[in-house]
**Student:** 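My structure is below; once you've seen it, I'll send some questions.
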Amino acid sequence: MKTFRDDKQGASSRREFLKQMALAVAGSVLTGGRIPVAASASAGPEGLTWQKAPCRFCGTGCGVLVGVKDGRVVAVQGDVESPVNRGLLCAKGYHVGLALYGRDRLTTPLLRRNGKLEPTTWEEAIDRIAREILRSPSTFAFYGSGQWTICEGYAVMKFMKGG
Ligand code: SF4
């Protein structure tokens with residue numbers, strides 16, 4: 001299990017997290033990934049609740065148990081019940097919760113104006129995308145990723161084939 005704090009606490013907490021993560025990975029290798037795991041979707045100590053999720057960092061599809069407390073992800077561990085990774089996570093997998101709270105995480109669409117990216121509304125962004133697709137449909141493409149979920153991939157395929 002890996003716990004971490006919000007990275008708003010600065011670079012030193014990020015460094016500390018990375019050090020702890022490296023130790024956790026090393027420990028996981030030494031124990032063959034058989035880290036004790038709390039039952040999924042159940043309340044753990046101190047109000048921690050564990051939920052199952054896929055890791056979002058690559059297309060391997062490792063199972064992750066996400067520890068949630070007070071509406072925030074505070075811990076991550078590999079899911080020993082997952083046939084893909086059997087409790088193991090790579091270094092990126094241990095970061096998957098931390099990525100939610102990065103200071104540089106995009107929270108709004110960006111539109112390039114005069115060579116500079118500026119925040120805009122979803123309405124304006126979607127309207128702009130639709131206009132650009134209609135202007136030149138044959139030059140439109142979608143860049144997919146192994147990071148998307150099955151539901152997201154399904155929606156994109158429907159959009160590309162049907163739209
Ligand atoms: S834990 Fe590592 S290998 Fe597994 S899905 Fe995440 S990034 Fe990929």
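Just so you know, ligand 1 is whichever comes first in the structure, and atom 1 is the first atom listed for that ligand. Note: hydrogens, waters and symmetry copies are ignored here, and every other heavy atom, side chains too, is used.
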**Student:** Quick check on Tyr154: does its OH atom have over 12 non-hydrogen neighbours (other residues, nucleotides or ligands) under 6.0 Å away?
**Tutor:**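 No, not enclosed.
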**Student:** Once rounded to the nearest 0.5 Å, what's the spacing between atom CD1 of Ile133 and atom CZ of Phe159?
**Tutor:**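 These two atoms lie 4.0 Å from each other.
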**Student:** Leu100, Val68: one ILVMFWY side-chain cluster at the under-4.5 Å cut-off?
**Tutor:**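 In one cluster with Leu100: Val68, yes.
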**Student:** Which atoms of the protein, restricted to N, O or S, are nearer than 2.8 Å to atom 4 (Fe) of ligand 1?
**Tutor:**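 Within the sphere that stays under 2.8 Å of atom 4 (Fe) of ligand 1, the protein atoms of type N, O or S are Cys62 SG.
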**Student:** Show, in sequence, the C-alpha distance, side-chain angles and deciding distance for Arg56 and Glu152, and conclude whether the salt bridge (charged side-chain N to carboxylate O under 4.0 Å, His left out) test is met.
**Tutor:** CA-CA 12 Å; Arg56 299 300 304 272; Glu152 289 163 347; 2.9 Å; yes
**Student:** Set out, in order, the CA-CA distance, both residues' side-chain angles and the distance that settles salt bridge (charged side-chain N to carboxylate O under 4.0 Å, His left out) for Arg112 and Glu132, then state yes or no.
**Tutor:** CA-CA 14 Å; Arg112 194 179 302 280; Glu132 292 295 326; over 6 Å; no
**Student:** Out of curiosity, does Val156 fall in the hydrophobic cluster containing Ile126 (side-chain heavy atoms, cut-off under 4.5 Å, transitive links)?
**Tutor:**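 No: no chain of side-chain contacts under 4.5 Å links Ile126 to Val156.
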